[in-house]
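First the structure, in the form of C-alpha cells, and then the observations on it.
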Amino acid sequence: MARYNHQSLEQKWQKIWDENETFKTTEDTSKPKFYALVEFPYPSGEGLHVGHPRPYTALDVVARKRRMEGYNVLFPMGWDAFGLPAENYAIKTKIHPAVVTERNVARFKEQMRSLGFSFDWSREVNTTDPNYFKWTQWIFIKLFEQGLAYKKEMPINWCPSCKIGLANEEVVDGSCERCGHGVETRVKNQWMLKITEYAERLIEDLDEVDYIERVKIQQRNWIGRSEGADVSFAIKDTAESLTVFTTRPDTLFGATYMVISPEHPILEKLQDRIANLEVIKAYQAEARKKTEFERAELNHEKTGVRIEGLAALNPVNSEEITIWVSDYVLMSYGTGAIMAVPGHDERDWEFAKTFDLPIIEVVAGGDVTQEAYTQTETGTMVNSGFLNGLDVDSAKKKITAWLEEKGLGVPKVNYKLRDWVFSRQRYWGEPIPLVHCSDCGWVAIPEEELPLRLPQVENYEPTDTGESPLAKMRDWVETTCPTCGGYAERETDTMPQWAGSSWYFLRYTDPHNDQALASRENLDYWMAVDWYNGGMEHTTLHLLYSRFWHKFLYDIGVVPGTEPYKKRTSHGMILGENNEKMSKSRGNVVNPDDVVKEYGADTLRMYEMFIGDFEKSVPWSTDGVRGCKRFLDRVWKLKDTVKAGSAYSEALEAKMHQTIKKVSHDYESLKFNTAIAALMTLFNEVNQLGTINEAEMKTFLILLNPVAPHITEELWQVLGFEGMLHEQSWPSYDEEKTIAQTIAIGVQVNGKVRGDITVNLNDSQEAAREKAMANDNIQRAIAGKTIVKEIYVPGRIYNIVVK
RNA sequence: GCCGGGGUGGCGGAAUGGUAGACGCUACGGACUUAAAAUCCGUUGGGCUAACGCCCGUGAGGGUUCGAGUCCCUCCCCCGGCACCA
C-alpha cells in the first residue's frame, strides 16, 4: 500500500494539467459561460501569505464545479504591479521597478501554481506591461475627450511620507490608507476624474446587481445621496445673494442666521463692505492651518466670526439675519454656505448657544431651549406662516413648490462623493498621455503613439515639492504639440494604482488583442463577470472606481453592459495564531510554501475552506491544518476498501443523496466549511460501515475534488476509474432519496425532550404515538398527568402536552 | 451620533420555529510500541446521581408559542462602515 505522498502526487498533477492545458479557456459558444474572478494581487516582495489563497481557493472550488457542470469557465489571474513598494525599493537599491516586479511576479506565480489553482495562465495580464497600459492610457484619453478628466488647482490630501496626493477614498481616519501617516492638506494642481457625474447611476444600478448587502450599503453610504433644495438668500443692499443647500426647507422660518465656509468666495467679492475684514482674515488663516488630523478629532467646539457689514434676508419673510463664518461649514459640500436652523439642527443649535443667537421653534414636539429637535416623523409646523399645522413631509413639498414658483429655490440632490484625485507624483505608474502646449492647452497624444512609455531615470526619489521624478527628464518632457506642432511639455504626474485595476477584468476576455482593449465579440460573450470575490477594503475604492469606468465605457459603446460584475462576495481576513493581524512586524506570518511542503496544497486548500465562516476573520491554527491532513490521509487509505458496485448501496443511498445536495448547495453559498463537514460526516459513516463501493467512491471523490483536486485525481486514477476526474459530470441527487425512510425523532413532554423513538417516515400519528407511549421514560414523565394535546411533526418531533 | 453585522463549549464553528453544540481542533483515558511520535478506539457544555436519570445552559431581562439560539420588545457588549455632509 503506497503512502499518501502529497509532494510527488501534487507535482505530478500540476504538470499534467499544465501540459494538457486542462484549464485553458476558449470562446466555446456551444456551452454556457461562467466568468469567475478574484482580485489580482500586487506582487510584493514578501510573496504570498496564507491570506491570499482563501478567496482564490473559494472561487477555484466554484470554477472547478462549474466545469463539471458543463460550463465554459473563465478563471484568470494577473498582476496589479504598479505601485509604491517596488518604487521605494528602487529608490533604495537603484534597481529598476520593472526588474523587481518581474522577479516578484515569478515568485507569486510559482506559489500560486503550487497550490493547484485552475487559472488559465495563457490569459495572465500585468498592468505594467506596455501592451496593457496602452489601453489604460487609451481609456484616460477617452475620459479626457469627454470632459471627464480635468486638471484643477485644489486642496488635496497629501501624505508627507509617501509624498503623494491621495484620493478621498485613500484617507482612512485622517491617515494615509497605505502607510498610516497623518495626512495634510496641500493645494495642488491635480488631474481629477468626474466620478461625481456618475453618482446617481452608481447608486441606482446597485439595485440590479447581486452584491452582498454590506457592500451595497457601504457604497450608498460613501456616495451619500441627499435630497433637498438650493435656496437663495439675498444679501441686503447688494446685488449678491448666497445660495444654500438644505435638506430641511420646511424649517426655513426657523433660519435665524447664516454660516459660510472660511473659503467662501463671497468674502473676497464683498470684502470692501466687510467692517471686520481683519478679524475674518485671521479666522481664515486659522482655519487653513487645521490639518485633516485635527479635524478628524471629535473636537466639535464651535468657533466662528460674525461678518459685520453684511446681512441676509430670509426669503420667506424678508427678516434680516446675520451672516457668520465658521469652519464647521465645508466648502466642498453643497454650496459652502448654510442657513442655520438652530431649533432643529444640532450643529446650528450648538453654534447658536455659543454665540447667543436666536432659536425659533418651527416644528413642535421637542423643547428647543434644551436641545435641537431633529425628529421628522412626528411633529407639526409652527411659527411658519403658511406652513403652520402641516407635518414635516407635507411642509417640505409645499415650501419647495413655493420657492420654485417665486424663483427663490430649486429642488436639489447632493452627494458626499467627491471627484477622484487621479494624479500621483511618482515614477512607477502609467504616464498620463497628455502634453501641455502654451497655445493649445492640454492635448492628448495621438492614439498611434500609445503606449506612452516611462523613460529610464536615474533617481526615483520623489521631491518634497511634490513633483514627480519624471519632471527632471527633460528629454522626455519636452516634446511637440500634436495639434499645432509647437513646443509642448508632457504631463509628469502618473496615474494612481487604481487605474490599471479599473478595467483588467475586460482584458482577460481577450488579453493579447492589439487593436482594442478587447474584441467586442469576446466582451459580448464573457461580460459581465458572473462572480467576483474580493476584499471589503476595496468597496469604496477599486469596486467603485471600476464600476465608474465600466459605465463610462458603456456610454462610449465599448462594453456591452452597464455593470461589470453580476455578483460580488467578500472573504474575511486570516489572522495570525495569536489572533492579531498577520504581519512581518508581529512575527506571526504563516508562509503557504511551508504549509504546502509539510502538509500539501490539498491540505492547505481544504483547511482554508474549513477554517470557519468564509466571510469572517479567523485566526490560523496549525492544529486545524493537521486535522485536515489527517482527513486526507484517511481518505487515501480508503482506496484499499473500495468494492465493486455501480449503484449506491442501500445502507448509504440516502446519505449519498443528502451529501450531494448539501455539498452542491454549500459550495454555491460560501459555506465551504459545512460542505467539508458534510463530506467528513459521510466519510465517518463509511468508516463505521467499513466498506464503500465504486459508485459511492466516485461521487465522494468528485464532491471533494474542487477542494482537494490533486489527491482526488490521483485516487481516481489509482482506482482505475475511467478518464480523468476533472472530465466527469457533477453528480446529481434525487430529492426523494435524500429522505431517509426511518429516522429517530425526539419525544417531548411539555416541550422537554424525554426520549426518542425510531419512526418510519410515513408512519401515521397513531403509529408514532404508540411508539412514544411505549417508551419507559415517556411513561414516567406523563404518569399521573392528563394529556391535553399532542403535536406530531413527521420526521421532526412528537410533543405531548400534559397537565 | 447614524447605518450594517455579530454575541452559542477550552478553541474554530453547526443548527427550514422542532432532540442545541454537526464537523474539526484541544484535553483526557485506552490500544499498539522497549519508549516516543504517528495511527486506531473511546470520553469531552456545567451541575447533581452508584445508576436509570434529573436540573441548568445559546450576552441580560421580558413576551409570543405545544415548542425559541432562531420570532417580537427593552437593554448591554464586540466588530465594520460613515461622521460638523447642512
I'd like to know if D633(A) pairs up with R630(A) as an ion pair, taking the criterion as any Lys NZ or Arg NE/NH1/NH2 lying under 4.0 Å from an Asp or Glu carboxylate oxygen.
no
Interatomic distance, I217(A) CD1 vs C3(B) P [rounded to whole Å]
11 Å
Quote, to the nearest angstrom, the P distance that separates U58(B) from G46(B).
15 Å
Tell me which nucleotide, if any, is Watson-Crick or G-U wobble paired with G17(B) when both distances must be under 3.5 Å.
none
Quote, to the nearest angstrom, the P distance that separates C79(B) from G12(B).
15 Å
Whole-Å P distance, U64(B) and C55(B)
22 Å
Its glycosidic angle compared against 90° from 0, G59(B) adopts the form anti
Assign each of G755(A) and K671(A) to its nearest nucleotide of RNA chain B by heavy atoms, then name whichever residue's nucleotide is nearer the 5' end.
K671(A)
Could you measure between the two P atoms, the one in U70(B) and the one in A83(B), and give it in whole Å?
35 Å
P atom, A86(B) versus G10(B): distance in rounded Å?
47 Å
Using purine N1 to pyrimidine N3 plus N6-O4 or O6-N4 for Watson-Crick, or N1-O2 and O6-N3 for G-U wobble, each under 3.5 Å, what pairs with A50(B)?
none
Rounded to the Å, how far apart are I611(A) CD1 and C11(B) P?
16 Å
In whole Å, I'd like the distance from the OH atom of Y257(A) to the P atom of A86(B).
16 Å
May I have the distance from L417(A) (atom CG) to A83(B) (atom C1'), rounded to whole angstrom?
16 Å
What is the nucleic acid contact for V788(A), judged by heavy atoms within less than 4.0 Å: base, sugar-phosphate only, or nothing?
nothing
Taking N or O atoms only and anything under 3.5 Å, show me the protein contacts with nucleotides 23-28 of chain B, one pair per line.
{"residue": "G24(B)", "atom": "OP1", "partner": "N684(A)", "partner atom": "ND2", "Å": "3.3"}
{"residue": "C25(B)", "atom": "OP1", "partner": "R630(A)", "partner atom": "NE", "Å": "3.1"}
{"residue": "C25(B)", "atom": "OP1", "partner": "R630(A)", "partner atom": "NH2", "Å": "2.9"}

D633(A) atom CG is separated from A38(B) atom C1', nearest whole Å, by 10 Å
Less than 3.5 Å between a donor and an acceptor, one on the side chain of K302(A) and one on the base of C84(B), is that the case here?
yes
Phosphate-side-chain proximity, T674(A) and A22(B), N/O vs OP1/OP2 below 4.0 Å:
no
Between G47(B) and A38(B), how far is it from one C1' atom to the other, in whole Å?
38 Å
Sugar-phosphate, base or nothing in reach of S326(A), heavy atoms under 4.0 Å
nothing
N588(A) pairs by side chain to side chain contact (heavy atoms under 4.5 Å, CB included) with which of E577(A), M582(A), K581(A)?
M582(A)
Do H6(A) and D602(A) have a side chain donor and acceptor closer than 3.5 Å?
no
Roughly how far apart, to the nearest Å, are C23(B) and U8(B) at atom C1'?
16 Å
Could you tell me how far apart K616(A) (NZ) and G6(B) (P) are, to the nearest whole angstrom?
7 Å
What I'd like to find out is whether the side chain of T335(A) reaches to under 4.5 Å of the side chain of K412(A), using heavy atoms alone.
no
Between E350(A) and I745(A), who's closer to the 5' end of RNA chain B by nearest nucleotide?
I745(A)
A side-chain contact here means heavy atoms from C-beta on lying under 4.5 Å apart; do Y283(A) and T303(A) qualify?
yes
For residues I574(A) and V590(A), determine if any side-chain heavy atom of one lies less than 4.5 Å from a side-chain heavy atom of the other.
no
Residue N799(A), side-chain heavy atoms: nucleotide from G81(B), C66(B), U39(B) that is nearest:
C66(B)
Do any N or O atoms of the protein come closer than 3.5 Å to N or O atoms of nucleotides 50-58 of chain B, and which pairs are they?
{"residue": "C54(B)", "atom": "OP1", "partner": "R754(A)", "partner atom": "NH1", "Å": "3.1"}
{"residue": "C55(B)", "atom": "OP1", "partner": "R754(A)", "partner atom": "NH2", "Å": "3.1"}
{"residue": "C55(B)", "atom": "OP2", "partner": "R754(A)", "partner atom": "NH1", "Å": "3.0"}
{"residue": "C56(B)", "atom": "OP2", "partner": "K752(A)", "partner atom": "NZ", "Å": "3.3"}

Taking atom types as modelled, find out whether E263(A) and S261(A) have a side-chain donor-acceptor pair closer than 3.5 angstrom.
yes
Watson-Crick/G-U partner (both atom distances under 3.5 Å) of U65(B)
none
For D613(A), answer base if it contacts any base atom (sugar-phosphate contacts may also be present), sugar-phosphate if it contacts only those atoms, and nothing otherwise; contact means non-hydrogen atoms under 4.0 Å.
sugar-phosphate
Suppose we define a pair by two distances each less than 3.5 Å, Watson-Crick or G-U wobble; what does G29(B) pair with here?
C41(B)
Does U34(B) pair with anything, Watson-Crick or G-U wobble, both distances under 3.5 Å, and if so, with which nucleotide?
none
Using Watson-Crick or G-U wobble geometry with both distances under 3.5 Å, which nucleotide pairs with A60(B)?
U74(B)
Distance only, no hydrogens: is a donor on one side chain within 3.5 Å (strictly under) of an acceptor on the other, for T569(A) and N533(A)?
yes
Around atom CD of E346(A), are there more than 12 heavy atoms from other residues, nucleotides or ligands closer than 6.0 Å?
no
In whole angstrom, give the distance that lies between atom CZ of F614(A) and atom C1' of G12(B).
16 Å
Can a side-chain donor-acceptor contact be found between T243(A) and D230(A) if the only test is distance below 3.5 angstrom?
no
In whole Å, what separates the P atom of A51(B) from that of U44(B)?
14 Å
Under 6.0 Å from the CD atom of E736(A), do we count more than 12 heavy atoms belonging to anything else shown?
no
Paired to C2(B) by Watson-Crick or G-U wobble criteria (both distances under 3.5 Å) is G81(B)
Under 4.0 Å between any heavy atoms, over every strand shown, what does Q218(A) touch: base, sugar-phosphate, or nothing? Just pick one.
sugar-phosphate
Does K302(A) qualify as a cation-pi partner of F355(A), given the criterion of NZ or CZ under 6.0 Å from the six-membered ring centre and within 45 degrees of its axis?
no
Separation of L575(A) atom CG from G80(B) atom P, in whole Å?
11 Å
